[in-house]
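What follows is a short report on a single structure.
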Amino acid sequence: MKKLKPLALWCLTLMLPLLGSSCQTATEVSEVKELVYGPIPMVYELPEVSGTIFYAAPDGDPAAEGSILEAPTTIESAISRVSTGDAIVLRGGTYRTGDLTFNQGITIQPYRDEQPVLKGTLVAENWEQDEAGVWFTRWTTLFPGQPEAWWVPERNLEFTPLHRFNNDGIFINGAYLQSVGSIAELTPETYFVDYDAERIYLGSDPNGRLVEITAFRKAIFRTTAEVHGKQNDGKGPIIRGLDIQQYPDTMVHIDGYYPQGISAEHEHGTDVVGTVFENCSFTQCFRIGVFAIGNDMIMRNCRIEDTNTEGLYVVASNDVLLERNIFAHNNIEKWTGFFPAAVKIFNQSHRVTARENLITNHPNSNGLWYDVGNENGVFVNNRIEKVGSPEGPFRKDQVWPSSNGFFFEISSGVLVAGNTFVNNNQGLLILNSDDAEIYNNTFIDSRVAFGRNERGDDADHFGWHIRTGPAVDARENHVFVNNLMVQTRNYDWPMVHVWQPAAMCDRLTSPTLKAMNNNVYVKQSEGKQTPLLLWSPAASEENCQRSFMQPSDFTAVYHYFEANSRLFDNYNGPLLIKDQAISADFEGHQAATTLPDHVQAATGWPAAETPFVGAR
């Protein structure tokens with residue numbers, strides 16, 4: 001694998017030269033495609049708006065009207081004045097500010113190519129030493145927190161001490177520190193907060209270094225309540241080109257009705273409609289990068305990195321598009337028992353499309369998770385890498401614990417096509433859901449799992465969550481076709497794991513999949529052999545499970561599955577080329593079948609194209 005370019009502007013040029021022979025010719029290059037993930041450097045023209053343009057600067061005058069470039073106001077003053085159709089144009093520089101609250105459909109963007117940076121910290125300059133020589137500063141803007149009621153301390157307190165749920169952030173020369181629970185535990189990379197005394201202690205000498213400490217809870221709050229003498233106009237903001245850093249809680253919050261259960265489409269997502277984020281960065285946050293409720297939201301070419309519980313959290317929102325974003329390094333405090341995700345699509349979100357995004361570097365988090373009550377999702381042409389580790393946990397008797405690159409849980413209907421999964425603990429997990437269609441993905445050292453259990457027969461500690469998806473007896477109709485599974489090394493897990501508890505063997509006798517065929521499995525290492533498939537329900541087998549070493553063995557038992565699938569064992573021929581694209585000379589393409597029209601339309605692939613396996 002090539003060394004990746006910096007995340008701030010990562011281009012993938014997908015070329016199809018042959019890798020597997022010592023040379024290549026021009027005829028072996030069949031396609032060139034370039035994707036730019038994350039923010040793109042721009043020179044912004046003044047926005048065409050129906051209202052007024054307000055100019056703001058870090059050193060602006062709050063009393064200035066801000067109507068001309070040469071006499072800018074402050075961002076706080078501009079926010080208090082804007083109405084629907086207005087715009088705020090920001091000069092470059094650092095704005096140490098926060099809790100910027102408004103309820104109007106406005107535009108916020110930079111002036112020309114200048115870079116405005118919103119920071120939720122202030123510089124800590126006054127330091128003292130206690131009698132033991134430990135450095136501390138007095139700080140009044142503190143953000144204590146606590147875990148959610150469903151967090152189970154008996155399982156997690158050893159790994160996640162309670163002080164980790166506080167939301168304060170301390171940065172030295174731009175790098176965030178981890179918290180500890182007492183002065184005695186301090187090390188050079190940590191800090192301790194004494195909330196009663198309002199003191200922050202460091203484990204190293206602050207002199208000669210830039211120390212920044214959180215002072216504002218949020219950066220931007222688009223509320224639905226009355227504010228600045230104005231009522232909610234129902235229109236989402238357009239936010240372009242901002243760099244937002246170092247906030248203790250949610251960086252950007254787009255408010256709206258949050259259903260606690262099943263909700264008809266017309267009942268939610270309408271409070272704030274049409275929010276747009278383009279070319280923005282949201283980094284170094286100790287809770288959520290962006291939390292959004294509202295239909296027709298677009299996030300394009302943004303970067304969300306170094307967040308904690310969720311990078312992007314979308315709730316009860318319909319017709320959302322996430323395109324060409326970077327989602328990197330969530331759960332920076334390594335919480336356990338909290339179910340973090342770089343992107344979480346939550347409850348009653350319909351038709352949320354994630355297309356051509358990069359989800360990368362999440363050793364302690366899930367990637368993208370459709371979590372309870374969602375319908376008709378689309379996840380196409382994304383790249384998902386290093387979510388957990390292939391060396392991570394695997395259990396035969398259940399499909400967790402795991403870090404999942406793509407996770408679809410307690411939801412109905414999703415298309416997963418054209419994605420490349422590389423070096424993940426579990427590339428894909430479909431759990432307690434129905435109608436998941438998995439077409440033409442490439443899974444490299446990233447296993448696939450389908451699971452269902454009895455959860456939903458009775459209430460559990462998550463209350464209404466389980467009632468928003470299909471019933472226990474209806475978690476079926478999944479499709480797994482034209483996928484390429486590659487193991488570059490020997491692992492202790494199967495490439496595909498289809499699971500249900502042994503106790504449900506007599507109750508759920510039909511497979512959770514309705515179609516499984518035209519897949520190709522490649523093993524590139526000799527030595528210890530693990531099963532290709534681990535399958536349930538398998539009546540009369542121990543634990544209702546049966547393992548299979550190759551597709552033909554599986555077809556012999558389940559004749560309606562995998563009849564045209566192939567295994568390439570100890571294979572070293574043409575296969576993967578640049579950025580894990582698949583060589584046109586790979587023999588496995590012969591196993592592929594023609595795609596349905598709706599899959600071709602969603603991926604953008606030509607309808608007349610010769611069938612192929614894996615992602616483009």
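Between Y313 and F346, the ring planes are perpendicular. Angles over 60° get that label, and only those under 30° would be called parallel. Ring geometry for F165 against W335 counts as tilted: the plane angle lies between 30° and 60°, on a 0 to 90° scale. Aromatic ring orientation, F450 versus F480: perpendicular (interplanar angle above 60°, classes split at 30° and 60°). Ring geometry for Y571 against F568 counts as perpendicular: the plane angle is over 60°, on a 0 to 90° scale with 30° as the lower cut.
Residue R155 qualifies as open at atom CZ: its count of foreign heavy atoms under 6.0 Å is 12 or below. Within a 6.0 Å radius of CG in D506, no more than 12 heavy atoms belonging to other residues, nucleotides or ligands are found.
Rounding to the nearest 0.5 angstrom, the gap separating the CG atom in N490 from the CD atom in E526 is 9.5 Å. Here N325 contributes atom CG and N357 contributes atom CG; the two are 5.0 Å apart, rounded to the nearest 0.5 Å. For the atom pair CZ of R546 and OG of S540, the computed distance is 10.0 Å after rounding to the nearest 0.5 Å. Once rounded to the nearest 0.5 Å, the distance linking NE2 of H350 with CG of N295 reads 9.5 Å. The OG atom of S349 lies 12.5 Å from the NZ atom of K344; values are rounded to the nearest 0.5 Å.
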Would you sort out whether N404 and N425 count as a side-chain contact (heavy atoms from CB on, under 4.5 Å), showing the intermediate values?
-> CA-CA 7 Å; N404 306 289; N425 173 233; 5.7 Å; no
Take N347 and D371 through the side chain to side chain donor-acceptor pair (under 3.5 Å) test and state the conclusion after the steps.
-> CA-CA 7 Å; N347 194 32; D371 186 10; over 6 Å; no
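Side-chain atoms of N519 and E562 include a donor-acceptor pair closer than 3.5 Å. A donor atom on one side chain and an acceptor atom on the other are found under 3.5 Å apart for T488 and D445. Checked by atom type, the side-chain pair Q550/R566 shows no donor-acceptor distance below 3.5 Å. Side-chain contact check for N308 and E333: at least one donor-acceptor pair (N or O, by modelled atom type) lies under 3.5 Å.
For the pair H589 (side chain) and E587 (backbone), a donor-acceptor distance under 3.5 Å is absent. Looking only at distances, a side-chain donor or acceptor of Q500 sits under 3.5 Å from a matching main-chain atom of L508.
For W535 and F554, the ring centers are positioned less than 6.0 Å apart. Taking the six-membered ring where the residue is Trp, the centroids of W369 and F408 are separated by 6.0 Å or more. For H497 and F394, the distance between ring centers is under 6.0 angstrom. Taking the centre of each ring, W150 and F339 come in below the 6.0 Å mark.
The pair R616-E609 meets the salt-bridge criterion, since a charged nitrogen lies less than 4.0 angstrom from a carboxylate oxygen. A salt bridge between E391 and R489 is present, with a side-chain N of the basic residue lying under 4.0 Å from a carboxylate O of the acidic one. Salt bridge annotation for E409-R455: present, with a cationic side-chain nitrogen under 4.0 angstrom from a carboxylate oxygen.
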